[in-house]
Chemist: 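Next up is a structure, given as structure tokens.
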There are 2 protein chains.
Amino acid sequence: MDNTQFIKGSLTAIVLKLLEDNGRMYGYEMTKAVKEMSGDKVNITEAALYPALHKLVEEDLLETTTEQVAGRMRKYYSLTKKGKKESVIQINSMLEALSSVQLLLNKKLSNG
Amino acid sequence: MDNTQFIKGSLTAIVLKLLEDNGRMYGYEMTKAVKEMSGDKVNITEAALYPALHKLVEEDLLETTTEQVAGRMRKYYSLTKKGKKESVIQINSMLEALSSVQLLLNKKLSNG
DNA sequence: GCCTATACCTAATTTTATTAGGTATAGGCA
DNA sequence: TGCCTATACCTAATAAAATTAGGTATAGGC
């Protein structure tokens with residue numbers, strides 16, 4: 001029984017938003033940031049995140065640079081030119097979808 | 001390329017909401033109702049809906065009654081006692097999750 | 001010497017939706 | 001009569017996405 005919520009399909013949009021706002025971030029940092037910023041309500045697991053990041057790199061939306069920090073490896077992700085365009089589209093698209101479902105779940109669903 | 005949006009994981013909550021508001025409905029009716037009420041923005045496909053309905057019956061959240069209407073069969077679904085309790089929980093839970101993701105995608109995601 | 005935090009990752013499984021159909025009745029229209 | 005659309009149910013095979021359950025390795029606190 002896990003009480004943290006996650007909307008399936010929103011992971012990619014969240015990653016794109018993070019990178020849009022912060023320029024570059026590494027995976028582990030993303031999980032901590034989202035956890036903290038959502039007040040523990042949204043939890044991105046590393047097992048879901050890393051495959052998603054790799055897919056975005058494959059699609060040429062993200063690019064990486066690797067650095068050695070305090071003896072540990074860090075793989076920074078940032079948006080490509082293509083990724084910058086796509087992020088706007090995907091974030092807006094996801095926000096629209098969220099609003100639509102929200103409306104359905106809030107209003108009286110009487111069927112005319 | 002399909003432009004209708006669907007939030008993965010929200011199907012069950014939408015079904016529960018429909019039945020909470022309307023008492024009873026049949027599958028085909030649900031797909032039309034959601035399509036119309038969302039202004040074509042949310043599209044529930046029958047292929048996703050029927051398995052989901054069957055699962056909810058299996059979990060004892062829904063029960064069915066079958067009627068013959070104009071030569072065609074109609075299988076009406078309604079909430080069981082357990083389903084009425086669960087629907088409140090699941091709808092609120094989904095709304096909370098939607099809000100959380102919405103907040104993340106809207107606010108400046110600066111990482112402290 | 002052990003535990004926690006940092007930091008990357010994958011394999012197997014499960015859940016959920018998509019794609020692509022099938023069956024059958026009724027009614028409109030050519 | 002034959003065809004098309006709407007109504008109304010459904011499934012099988014596949015794909016997409018997340019969960020479960022780990023593994024590797026460094027650094028620092030106790």
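Reminder, nothing fancy here: chain letters follow the sequence lines and each chain counts from 1.
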Chemist: Do B:L79 and B:S87 touch side chain to side chain, with heavy atoms closer than 4.5 Å?
Modeler: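 When only atoms from C-beta onward are counted, B:S87 and B:L79 do touch, with a gap below 4.5 Å.
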Chemist: Look through every strand shown and name the nucleotide pairing with D:dG28 as Watson-Crick or G-U wobble, where both distances are under 3.5 Å.
Modeler: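 Base-paired to C:dC3.
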Chemist: For C:dT18, which nucleotide in any strand shown is its Watson-Crick or wobble partner with both distances under 3.5 Å?
Modeler: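 By the stated definition (distances under 3.5 Å), D:dA13 pairs with C:dT18.
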Chemist: Expressed in angstrom and rounded to an integer, what is the separation of A:Q68 atom CD from C:dT6 atom P?
Modeler: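 Distance check: A:Q68 CD to C:dT6 P gives 17 Å.
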Chemist: Which comes earlier along DNA chain D counting from the 5' end, the contact point of A:L49 or that of B:R72, where each point is its nearest nucleotide?
Modeler: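 Comparing both residues, the 5'-ward one is B:R72.
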Chemist: Nearest whole angstrom, please: distance from the P of D:dG23 to the CD of A:E46.
Modeler: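 After rounding, the reported distance stands at 15 Å.
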Chemist: Using a cut-off of strictly less than 4.0 Å, decide whether A:Y50 has a side-chain nitrogen or oxygen near OP1 or OP2 of C:dC8.
Modeler: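 The answer is yes; a side-chain N or O of A:Y50 sits under 4.0 Å from OP1 or OP2.
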Chemist: Could you tell me how far apart A:Y77 (OH) and C:dC8 (P) are, to the nearest whole angstrom?
Modeler: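 In whole Å, C:dC8 P lies 7 Å from A:Y77 OH.
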Chemist: Counting just side-chain N and O atoms, does A:K32 come under 4.0 Å of either OP1 or OP2 of C:dA7?
Modeler: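 False: A:K32 side-chain N/O out of range (4.0 Å or more) of C:dA7 OP1/OP2.
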Chemist: To the nearest Å, give me how far apart CZ (B:F6) and P (C:dT18) are.
Modeler: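 Rounding to the nearest Å, CZ of B:F6 and P of C:dT18 are 7 Å apart.
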Chemist: Both A:A48 and A:K8 contact DNA chain C. Which one's nearest nucleotide lies toward the 5' end?
Modeler: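 So the residue in question is A:A48.
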Chemist: May I have the distance from B:H54 (atom NE2) to D:dA12 (atom P), rounded to whole angstrom?
Modeler: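 The distance from NE2 of B:H54 to P of D:dA12 comes to 12 Å, rounded to the nearest Å.
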Chemist: Rounded to the nearest Å, what distance is computed from the CE atom of residue B:M73 to the P atom of nucleotide D:dA8?
Modeler: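 Checked: the CE to P distance equals 11 Å.
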Chemist: Can you identify which nucleotide, out of D:dA8, D:dA21, C:dT19, has its nearest atom closest to the B:A47 side chain?
Modeler: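 When the side chain of B:A47 is considered, C:dT19 is the closest of D:dA8, D:dA21, C:dT19.
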Chemist: So, is A:Y28 near the phosphate of C:dT6, with a side-chain N or O under 4.0 Å from OP1 or OP2?
Modeler: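 The answer is yes; a side-chain N or O of A:Y28 sits under 4.0 Å from OP1 or OP2.
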Chemist: Do A:Y77 and A:L18 touch side chain to side chain, with heavy atoms closer than 4.5 Å?
Modeler: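 When only atoms from C-beta onward are counted, A:L18 and A:Y77 do not touch, as no gap falls below 4.5 Å.
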Chemist: What are the two closest non-hydrogen atoms of B:G9 and B:M94, and how far apart are they?
Modeler: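 Nearest pair, atom of B:G9 first, then B:M94: O-CE, 3.1 Å.
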Chemist: D:dA6 P sits how many Å from B:R74 CZ, rounded?
Modeler: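 Whole-Å distance recorded here is 17 Å.
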Chemist: Just N and O in the side chain of B:K75: are any of them under 4.0 Å from OP1 or OP2 of D:dC10?
Modeler: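 Answer yes for this pair, as a side-chain N or O of B:K75 is under 4.0 Å from OP1 or OP2.
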Chemist: In whole angstrom, give the distance that lies between atom CD of A:E36 and atom C1' of C:dA5.
Modeler: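 Taking atom C1' of C:dA5 as the reference, CD of A:E36 is at 16 Å.
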Chemist: Of the options C:dT16, C:dA17, D:dA21, whose atoms approach the side-chain atoms of B:L11 most closely?
Modeler: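 Nearest nucleotide to the side chain: C:dA17.
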Chemist: Would you indicate which nucleotide in C:dA7, D:dA8, C:dA11 comes nearest to any side-chain atom of B:Y26?
Modeler: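 The answer is D:dA8, which lies nearest to the side chain.
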Chemist: Taking all heavy atoms of A:A13 and all of A:I91, pick out the closest pair and write down the distance.
Modeler: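 For A:A13 versus A:I91, the nearest heavy atoms are O-CG1, 3.9 Å.
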Chemist: Does any non-hydrogen side-chain atom of B:M37 lie less than 4.5 Å from one of B:V42?
Modeler: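 No, too far: nothing below the 4.5 Å cut-off.
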